[in-house]
Amino acid sequence: MTPATVTFDALEIGAQGRSGGRTLTEADLSFSCMISGGWHPIHADSEFARGTALGQRILHGSYCLMIATGLAADLPNLGRAVITDLGVRDWRYLQPVFAGDTLYAEVEIIGKRVTSNPARGVLERRIKLVKASGAVAHEGISALLIEREVTTQ
């Protein structure tokens with residue numbers, strides 16, 4: 001995938017891209033508790049977390065999903081052709097994410113189809129949230145509803 005805006009019809013199955021990085025901070029840990037309302041001690045209590053197998057607090061999985069979809073938002077760069085995100089499915093938490101981890105989104109186009117309205121298409125993307133080490137922390141499928149450039153003859 002190129003940084004230039006691409007059209008739905010020009011995209012090919014298998015096209016891939018990678019976002020820039022985002023390093024998570026202690027503020028992200030606190031913010032993930034605040035926005036979710038989930039204050040489980042594995043996220044909010046350093047002393048408790050130090051006594052667990054992980055040895056430290058972890059970010060909420062749902063917060064990491066939000067980070068992943070944000071990092072993947074312009075992969076591919078469809079400009080203003082995106083109508084809406086249709087949802088995420090099969091999202092899996094594969095590894096814990098900690099403050100200090102730098103994350104990237106890796107995106108692969110895995111499917112596309114024209115809807116019953118030929119001016120629109122659905123684009124399916126596999127999103128992987130990848131740590132700087134290369135380990136995949138989370139992954140799943142996102143579907144986008146896209147405007148198509150339709151010419152009349």
Side-chain angles (χ1 to χ4, degrees), residues 1-8 11-113 115 120-147:
M1 288 180 248
T2 65
T5 301
V6 296
T7 64
F8 176 86
L11 283 170
E12 293 185 16
I13 304 298
Q16 298 180 12
R18 182 178 171 139
S19 74
R22 171 134 189 286
T23 302
L24 299 177
T25 66
E26 288 289 322
D28 285 298
L29 264 166
S30 295
F31 192 60
S32 71
C33 292
M34 286 186 280
I35 63 171
S36 70
W39 292 92
H40 188 282
I42 195 63
H43 306 298
D45 183 335
S46 293
E47 291 304 313
F48 172 86
R50 204 175 341 271
T52 68
L54 297 173
Q56 61 182 307
R57 295 183 296 155
I58 62 172
L59 274 287
H60 281 78
S62 55
Y63 187 79
C64 295
L65 169 59
M66 184 174 64
I67 297 295
T69 56
L71 290 171
D74 290 331
L75 295 172
N77 184 350
L78 295 158
R80 295 184 179 190
V82 176
I83 298 168
T84 191
D85 190 331
L86 296 172
V88 177
R89 71 174 194 271
D90 303 325
W91 195 259
R92 299 182 313 142
Y93 306 159
L94 303 173
Q95 289 197 0
V97 175
F98 306 105
D101 282 344
T102 299
L103 303 174
Y104 303 85
E106 292 183 352
V107 173
E108 179 182 6
I109 305 303
I110 61 168
K112 65 183 221 179
R113 65 179 171 76
T115 69
R120 295 179 172 180
V122 174
L123 185 68
E124 288 192 308
R125 307 173 302 161
R126 177 177 314 283
I127 300 173
K128 293 181 180 180
L129 187 63
V130 181
K131 294 183 176 191
S133 67
V136 177
H138 293 203
E139 71 177 355
I141 308 297
S142 167
L144 301 173
L145 183 63
I146 310 295
E147 290 180 356

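Given the structure is predicted, the values throughout are model-derived calculations rather than measurements.
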TODO: Would you check if the side chain of Ser30 reaches a backbone N or O of Ala27 as a donor-acceptor pair within less than 3.5 Å?
DONE: no

Open item on the list: If I compare all heavy atoms of Val97 with all of Leu24, which pair ends up nearest, and what's the gap?
Closed with: CG1-CD1, 3.3 Å

TODO: Specify the closest pair of heavy atoms between Pro76 and Leu11, including all atoms of both residues, with the distance to one decimal.
DONE: CG-CD1, 3.6 Å

TODO: Could you tell me whether a side-chain N or O of Arg125 sits under 3.5 Å from a main-chain N or O of Ala72, the two making a donor and an acceptor?
DONE: yes

TODO: Look only at the side chain of Arg113 and the backbone of Leu123, and say whether a donor-acceptor pair between them is shorter than 3.5 Å.
DONE: no

Under 3.5 Å donor-acceptor pairs involving side-chain atoms of residues 132-140, not counting sequence neighbours:
unit_1	atom_1	unit_2	atom_2	d
Ser133	OG	Ala135	N	3.3
His138	ND1	Trp91	NE1	3.2
Glu139	OE2	Arg92	NH2	2.5

Task: Side chains of Lys112 and Val122 in contact at under 4.5 Å (non-hydrogen atoms) - done: no

Task: Any donor-acceptor pair under 3.5 Å from Thr102 side chain to Gly21 backbone - done: no

TODO: Could you grab the distance from atom CG of Leu78 to atom CZ of Phe8, nearest 0.5 Å is fine?
DONE: 9.5 Å

Task: Gap separating the CZ atom of Arg18 from the CD atom of Gln16, nearest 0.5 angstrom - done: 11.5 Å

Using distance only, find each side-chain donor-acceptor pair of residues 34-45 under 3.5 Å and give its atom names and separation, not counting sequence neighbours.
unit_1	atom_1	unit_2	atom_2	d
Ser36	OG	Ser32	O	2.7
Ser36	OG	Cys33	O	3.4
Ser36	OG	Gly38	N	3.0
Ser36	OG	His60	NE2	3.3
His40	ND1	Ile42	N	2.9
His43	ND1	Ile58	O	2.8
Asp45	OD1	Glu47	N	3.0
Asp45	OD1	Phe48	N	3.0

Open item on the list: What's the separation between atom CD1 in Ile146 and atom OG1 in Thr7, rounded to the nearest 0.5 Å?
Closed with: 10.5 Å

- [ ] Return yes when atom NZ of Lys128 has more than 12 non-hydrogen atoms of other residues, nucleotides or ligands closer than 6.0 Å, and no otherwise.
- [x] no

Task: Check: Asp74 main-chain N/O paired with Asn77 side-chain donor or acceptor under 3.5 Å - done: no

Task: Interatomic distance, Gln95 atom CD to Leu129 atom CG [nearest 0.5 angstrom] - done: 10.5 Å

Task: Side chain to side chain, Ile110 and Ile13, heavy atoms closer than 4.5 Å - done: no

Open item on the list: Can you tell whether the side chains of Arg22 and Asp28 come within less than 4.0 Å, N to carboxylate O?
Closed with: yes

Open item on the list: Once rounded to the nearest 0.5 Å, what's the spacing between atom CZ of Arg57 and atom CG of Leu29?
Closed with: 4.5 Å

Open item on the list: Please find the pair of heavy atoms, one from Leu75 and one from Ala105, that lie closest to each other, and give the distance.
Closed with: CD1-O, 3.9 Å

Open item on the list: Nearest 0.5 Å, please: how far is CG in Leu59 from CD1 in Ile67?
Closed with: 8.0 Å

- [ ] Could you tell me whether Glu124 and Arg89 have a side-chain N and a carboxylate O separated by less than 4.0 Å?
- [x] yes

Task: Whether Thr115 side chain and Arg120 backbone form a donor-acceptor pair below 3.5 Å - done: yes

Task: Heavy-atom side-chain proximity of Ile141 to Val88 below 4.5 angstrom - done: no

Task: Heavy-atom pair of closest approach, residues Leu54 and Pro96 - done: CD2-CG, 3.8 Å

Task: CZ (Phe31) with more than 12 external heavy atoms under 6.0 Å - done: no

Open item on the list: Quick check: do Ile83 and Glu147 have side-chain heavy atoms less than 4.5 Å from each other?
Closed with: yes

